[in-house]
Undergrad: 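Okay, here's the structure, questions in a sec.
Order of appearance sets the numbers: ligands from 1, and atoms from 1 within every ligand. Keep in mind that this is a model prediction, so the values were computed, not measured. Starting from 1, each residue takes its place in the sequence as its number.
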Amino acid sequence: MMSHLLIRGGVPLRGDLTVQGAKNSVLPILAATILARGQVVLRACPALRDVDASVRILQSLGCSARWEGADLLVDTAGMDRCEISDTLMREMRSSAIFLGAILARCGRADISAPGGCELGPRPIDLHLAGLRELGARIRERGGFLHCTAERLTGREIVLSLPSVGATENLMLAACGAEGITVISNAAREPEIEDLQNFLNACGGEVSGAGTSTVTVRGGKALHGCEYRCMPDRIVAATYLCAAASAGGDIYLRGVRESQLATVTAALRQGGCEIRGDGEGISCTCRWPMKAIRPVRTAPYPGFPTDAQAVLMAALLKSRGATVFEETIFENRYRHVDELVRMGADIRVSGRTAVVSGVEALSGADVHCTDLRGGAALCVAALAAEGESRIFEIGHIDRGYASIEGDLTVLGAQIIRVKQE
Ligand code: UD1
């Protein structure tokens, strides 16, 4: 069944929303459940398409994973397989994160190599190099990776760039390695700290996450636990940008402002009033926004590449021009052509995009090209005159449990139209 979102723009937002749990925390945590003996209960787990894909991977490995209300219950006791089918790998590129955990548990793992995705090539060479340093033998043949490790041994690994996925994969493998692993030049994203907190709640001994040096004392038997993931800072950024785009006054509950500092700084420059009070963030925006200083994406604590598209969408009607520079992924301006269909003035040249504010946007039929690009179309549609129809929203469902539900709570006019 194909569905689309129907948005009537021009309505300022107003409301109070509890933000869903973080996709980029829950996915590595689901991979980490493979290391734990005993039931893991993930409280208020966001019901995302990528979570479904992870659940299907766990089930295909022989694990049990089922929902009980909003909680996801995982028990990996019955795990009796160590390969992930090509079909499941293709469904979610970040499934490579299962590699370290499967290898640590079974001494063997077979997966297909994740190829390119909508954001351009997404190599896992750093993951593989790190696993090899821990003692894994990895053969790549015909698009498949065959990994074996009689034993993994902790040691120091220096990442040549701070990859989020590589840091997490190596943390998981290191939990099953003998001795101490030190990951240097590790990525510092808050979700990595969330993974550390989960592993420690299961009896692991991991420290340093959130800094560039992560230390894992391996070989500890991990048990089940109950855990609640951190709130999703990118979903929060999306709704702050939605309020900036449409104007209004919103409160996002549960979100930590420190984790969103670069996004809130950009929105403040544009004219929004944003305040964190320890329990959430309030945001008041009277548009039009003003153009802001150049936005350059960078690893955390820099400006998140995942928030680039939604911030761009929030600035389409700003006074003046804003320059974006995307430094993380090669192909991350695919939303631009769709925004232009709504009347936006955006020029892309290589990794740079220049957004010049226009007087008005008009509702249009547009297609999602990727997860955050899809969210950006919603942000723009909220500020457009008339109705927009947003198609191929499966991309959005990968990371937003219910974007229409959330935006409705915030006062937007948005519905999901189901079509046969
Ligand atoms: C994670 C996030 C994603 C976010 C990205 C950057 C999850 C599930 N996904 O993706 O939402 O956009 O961080 O913040 O957490 N690279 C290599 N070799 C490798 C690994 C990465 O060259 O082995 C490069 C990538 O091509 C990219 C850069 O490193 O240019 C950053 O990638 P990485 O931090 O690994 O992103 P992901 O973990 O895939």
Side-chain angles (χ1 to χ4, degrees), residues 21-32 46 48-51 53-54 57 89 91-100 113-133 138 140 145 157-173 183 185-195 198 209 212 214 229-230 232-235 237-238 259-260 262-263 296-311 325-335 351 370-376 395-396 398-400:
K23 163 174 112 31
N24 288 355
S25 285
V26 77
L27 299 181
I29 285 174
L30 284 170
L48 309 171
R49 233 180 85 196
D50 276 5
V51 167
S54 300
I57 289 173
M89 281 300 295
E91 248 174 76
M92 187 180 61
R93 294 292 165 195
S94 49
S95 44
I97 188 71
F98 279 89
L99 191 53
C117 70
E118 62 265 13
L119 306 182
R122 210 149 174 180
I124 57 163
D125 53 316
L126 299 175
H127 304 228
L128 302 184
L131 291 172
R132 283 187 172 114
E133 289 194 63
I138 304 175
E140 302 176 51
L145 297 172
I157 299 169
V158 182
L159 294 178
S160 56
L161 60 88
S163 154
V164 176
T167 303
E168 294 168 340
N169 224 336
L170 296 173
M171 282 164 73
L172 299 186
I183 308 168
N185 196 27
R188 290 180 280 167
E189 268 68 2
E191 292 79 8
I192 296 171
E193 210 174 328
D194 216 18
L195 176 63
F198 171 79
S212 342
V214 178
C229 294
M230 61 177 266
D232 196 307
R233 64 194 168 94
I234 303 300
V235 169
T238 303
Q259 296 178 344
L260 275 165
T262 48
V263 176
R296 183 170 191 272
T297 64
Y300 193 84
F303 188 91
T305 173
D306 287 349
Q308 174 254 107
V310 290
L311 179 63
E325 191 192 345
E326 172 57 55
T327 74
I328 309 290
F329 291 110
E330 272 174 32
N331 199 5
R332 212 159 193 186
Y333 288 132
R334 293 184 58 205
H335 49 280
R351 296 197 163 208
D370 60 85
L371 164 58
R372 305 302 169 187
H395 289 290
I396 297 179
R398 283 187 43 219
Y400 297 80

Undergrad: Could you tell me whether some N/O pair between Asp306 and ligand 1 is separated by less than 3.5 angstrom?
TA: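 Yes, since at least one N or O of Asp306 sits under 3.5 Å from an N or O of ligand 1.
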Undergrad: Regarding His335 and Gln308, is there a side-chain donor-to-acceptor distance under 3.5 Å anywhere?
TA: yes
Undergrad: Given Val164, Asn24, Ile234, which one has a non-hydrogen atom that is nearest to atom 2 (C) of ligand 1?
TA: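 Answer by nearest heavy atom: Asn24.
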Undergrad: What part of Tyr300 sits under 4.0 Å from ligand 1 if we count only heavy atoms: the side chain, the backbone, both or neither?
TA: neither
Undergrad: Nearest to atom 38 (O) of ligand 1 by heavy atom, Gly302, Pro304, Gly165: which?
TA: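 Answer by nearest heavy atom: Gly165.
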Undergrad: Side chain, backbone, both or neither: which applies to Arg332 and ligand 1 if a contact is any heavy-atom pair less than 4.0 Å apart?
TA: side chain
Undergrad: Show the atoms of ligand 1 that are less than 4.0 angstrom away from any heavy atom in Ile124.
TA: 19 (C), 23 (O)
Undergrad: Are side-chain N/O atoms of Thr305 and Glu326 paired as donor and acceptor at under 3.5 Å?
TA: yes
Undergrad: Using the salt bridge (Lys or Arg N to Asp or Glu O under 4.0 Å) rule, take Arg132 and Glu140 through it: C-alpha gap first, then chi angles, then the decisive distance, then the call.
TA: CA-CA 13 Å; Arg132 283 187 172 114; Glu140 302 176 51; 3.8 Å; yes
Undergrad: Identify, with sequence neighbours excluded, every residue that meets ring pair (Phe, Tyr, Trp, His ring centres under 6.0 Å) alongside Tyr333.
TA: none
Undergrad: Record the part of Asp125 in heavy-atom contact with ligand 1 below 4.0 Å; permitted values are side chain, backbone, both and neither.
TA: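 Near ligand 1, Asp125 shows its backbone as well as its side chain.
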Undergrad: Is ligand 1 under 4.0 Å from a heavy atom in the side chain of Glu191, in the backbone, in both, or in neither?
TA: neither
Undergrad: Side chains of Asn24 and Val164: does their closest heavy-atom pair fall under 4.5 Å?
TA: no
Undergrad: Cut-off 3.5 Å, side chains only: do Tyr300 and Thr262 have a donor facing an acceptor?
TA: no
Undergrad: Is there a polar contact between ligand 1 and Thr305, counting only N or O atoms under 3.5 Å apart?
TA: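 No; the residue has no nitrogen or oxygen that sits under 3.5 Å from a nitrogen or oxygen of the ligand.
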Undergrad: Leu27 to ligand 1: N or O pair under 3.5 Å?
TA: no
Undergrad: Can you name the side chain to side chain donor-acceptor pair (under 3.5 Å) partners of Ser54, sequence neighbours left out?
TA: none
Undergrad: Is Pro123 in contact with ligand 1, taking contact as a heavy-atom separation below 4.0 Å?
TA: yes
Undergrad: Ignoring hydrogens and angles, state whether a donor on the side chain of Asp370 or His395 is under 3.5 Å from an acceptor on the partner side chain.
TA: no
Undergrad: Where's the contact between Ile328 and ligand 1, heavy-atom distance under 4.0 Å: side chain, backbone, both or neither?
TA: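 For Ile328, the contact with ligand 1 is made by both the backbone and the side chain.
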